[in-house]
**Q** 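Let me give you the structure first, and then I'll get to my questions.
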Amino acid sequence: MTQVRVRFAPSPTGPLHIGGVRTALYNYLFAKKNHGVFILRIEDTDLTRFVEGAEEYIMESLKWCGLIVDEGINEGGSYGPYRQSDRKELYRQYADLLFDRGYAYYAFDTPEELEAMRMAAEKEGKTFIYNSAIRSKLKNSLTLSDVEWNARLDRGEPYVIRFKMPENEEIHFDDMIRGHIVVNTSTLDDKVLFKSDGMPTYHLAHLVDDHLMKISHVIRGEEWLPSLPLHVMLYRAFGWDTPYFAHLPLLLKPDGKGKLSKRDGDKLGFPVFPLYWPYGEKARGYREDGYYPEAFINMLALLGWNPGTEQEIFSMNELVDAFSIERVHKAGSRFDPEKAKWFNHQYLQKRTNNQLAIEFREYLRPRGFHIDIVDLEKLVALVKDRVSFVKDIWEQTDFFFKAPAEYDKEAIRKRWQTNTPDILKELASILNGLTEFSPSSTETAVKAWIAEKGYNMGTVMNAFRLVIVGALRGPHMFDIISWLGKEETLNRIERGISVIGTGQQ
Ligand code: GLU
């Protein structure tokens with residue numbers, strides 16, 4: 001088999017949608033699985049849609065995801081340049097070649113004329129298709145005499161070059177995901193290949209590039225499937241071999257109704273872009289929301305592909321081993337924001353306490369807390385299994401860093417009795433008498449005291465928790481107080497007693 005060469009070919013028109021990241025991922029996995037080459041090509045021939053910053057955003061996103069580009073605008077390679085605007089000079093000759101072979105023609109219709117025809121068709125309840133019937137009635141190099149159309153070119157009149165779609169021909173081709181497809185050319189229109197601004201359209205440019213860059217497999221979004229018959233016709237017209245094609249299913253909204261959009265994310269509270277987008281209409285990103293790239297990639301890999309086993313957690317290397325285009329689904333994949341969080345939870349559990357402590361220290365630093373890493377390791381160990389993100393650790397542990405400013409009223413009403421202050425004072429003196437303040441030594445001493453006095457364990461421990469935490473939440477009490485240390489524990493008991501008092505206020 002010839003070398004596998006695949007490309008991810010985004011247009012820099014804004015932030016990269018996670019559907020685009022998934023396309024990049026599947027290309028990458030396919031390349032690595034087959035010892036092939038993963039190429040990044042920037043498709044910027046549509047000057048009107050170019051957005052400043054988008055190209056850098058794409059590259060930064062791939063880097064964050066761990067999708068290492070083999071050939072691209074930064075990496076170089078033997079088939080460059082890898083940005084279409086830098087290849088601009090190259091495309092014209094291919095449009096000319098098609099013209100010379102009778103597969104393309106010059107068309108002089110103005111945008112106004114086209115609009116009028118569209119409106120007229122609409123009035124009759126028809127959709128306007130620019131096909132052989134229409135072309136014979138318009139001004140182009142097929143209907144005008146050679147002298148006439150050449151004179152128009154000489155006068156500098158705007159024109160486009162269109163593909164001359166044959167009439168009533170069956171085109172057969174294969175898609176690796178969708179199987180054999182047959183399309184009749186009469187349903188297709190004469191697409192523009194070369195525009196009046198001197199730029200090729202996507203159809204011409206990507207195809208020329210795929211050929212020149214020796215792309216073996218074109219793996220891209222399903223939205224390009226309707227254009228595939230045209231592309232197959234173009235390959236034939238050039239006399240080039242077609243690559244293999246695989247059109248990936250759409251990413252759907254959580255309710256399964258339609259394509260996943262930024263608006264769904266805004267409405268339901270999740271990002272649809274890998275990174276924060278800082279320009280114009282700003283958008284949140286998975287990275288800034290605290291996702292690990294490994295979790296994000298793992299989640300995306302399973303949106304449209306399944307390994308055929310129950311396994312859900314895959315490292316990038318495992319994905320490379322397990323991936324196959326044949327197991328990519330035809331149907332759209334519904335995006336599930338809860339599942340995305342679940343993946344992050346799984347990856348967070350795999351972190352060592354030391355790794356998490358370092359990450360949490362970074363989170364605390366701008367908030368003015370400088371805590372010893374060993375203490376943070378103990379802390380994260382206490383709450384790790386309850387959190388999905390590093391930022392959740394803060395929500396679970398804020399009371400470790402500051403004594404409660406207030407006490408849960410409902411808990412006071414239910415759990416605070418008139419003799420509670422006296423019992424807590426006794427507890428304070430038991431704790432004060434201990435030389436060792438480890439979880440087990442405090443627990444043994446406190447439980448022995450409760451048993452000896454015949455107190456109710458729940459009553460004592462709830463009141464204890466209330467003065468230490470401020471509410472009835474948090475990990476094991478003796479883990480908490482051991483972390484806080486004797487002095488802070490006694491201070492909090494004292495303060496709780498004096499603020500809550502009899503609990504009647
Ligand atoms: N530039 C196209 C896009 O952004 C690429 C389509 C393709 O991969 O052929 O969707």
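Numbering of ligands and ligand atoms starts at 1, following listing order.
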**Q** Look only at the side chain of Asp109 and the backbone of Leu114, and say whether a donor-acceptor pair between them is shorter than 3.5 Å.
**A**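 Not a single qualifying donor-acceptor pair exists.
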
**Q** Answer yes or no: is there a side-chain heavy-atom contact under 4.5 Å between Asp190 and Phe163?
**A**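 Counting from C-beta outward, Asp190 and Phe163 never come under 4.5 Å.
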
**Q** Checking the side chain of Tyr105 only, and the main-chain atoms of Arg135 only, is there a donor and an acceptor separated by less than 3.5 Å?
**A**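 Such a contact is absent between Tyr105 side chain and Arg135 backbone.
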
**Q** What protein heavy atom lies closest to atom 5 (C) of ligand 1? Include the residue and the distance to one decimal.
**A**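 Looking at atom 5 (C) of ligand 1, the protein heavy atom closest to it is Ala9 O, 3.1 Å.
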
**Q** At a 4.0 Å threshold, what atoms of ligand 1 neighbour a non-hydrogen atom of Glu43?
**A**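 Answer, ordered by atom number: 1 (N), 2 (C), 5 (C).
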
**Q** For atom 7 (C) of ligand 1, what is the nearest protein heavy atom, given as residue, atom name and distance?
**A**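 Minimum-distance protein heavy atom for atom 7 (C) of ligand 1 reads Tyr202 OH, 3.3 Å.
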
**Q** Using heavy atoms and a threshold below 4.0 Å, how should the contact between Ser11 and ligand 1 be classified: side chain, backbone, both, or neither?
**A**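 It is both backbone and side chain that touch ligand 1.
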
**Q** Starting from the C-alpha separation in whole Å, work towards a yes-or-no answer on ring pair (Phe, Tyr, Trp, His ring centres under 6.0 Å) for Trp149 and Phe99.
**A** CA-CA 14 Å; Trp149 71 261; Phe99 173 78; 5.5 Å; yes

**Q** Return the set of residues passing ring pair (Phe, Tyr, Trp, His ring centres under 6.0 Å) with Phe38 (not counting sequence neighbours), or none when no residue passes.
**A**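 Here the qualifying residues are Tyr28.
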
**Q** So which heavy atom in the protein is nearest atom 10 (O) of ligand 1, and how far is it from that ligand atom?
**A**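 Heavy-atom neighbour on the protein nearest atom 10 (O) of ligand 1: Trp224 NE1, 3.0 Å.
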
**Q** Heavy atom under 4.0 Å from ligand 1: found in Phe8's side chain, backbone, both, or neither?
**A**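 For Phe8, no heavy atom sits under 4.0 Å from ligand 1.
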
**Q** For atom 8 (O) of ligand 1, grab the closest protein heavy atom and report residue, atom and distance to one decimal in Å.
**A**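 Sorting protein heavy atoms by distance from atom 8 (O) of ligand 1 puts Arg7 NH1, 2.7 Å first.
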
**Q** Can you find a heavy atom in the side chain of Phe389 that is under 4.5 Å from one in the side chain of Tyr291?
**A**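 Contact flag for Phe389/Tyr291 side chains = yes.
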
**Q** Relative to the heavy atoms of Pro10, which atoms of ligand 1 are at a distance of less than 4.0 Å?
**A**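 Counting atoms of ligand 1 from 1, those under 4.0 Å from Pro10 are 4 (O).
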
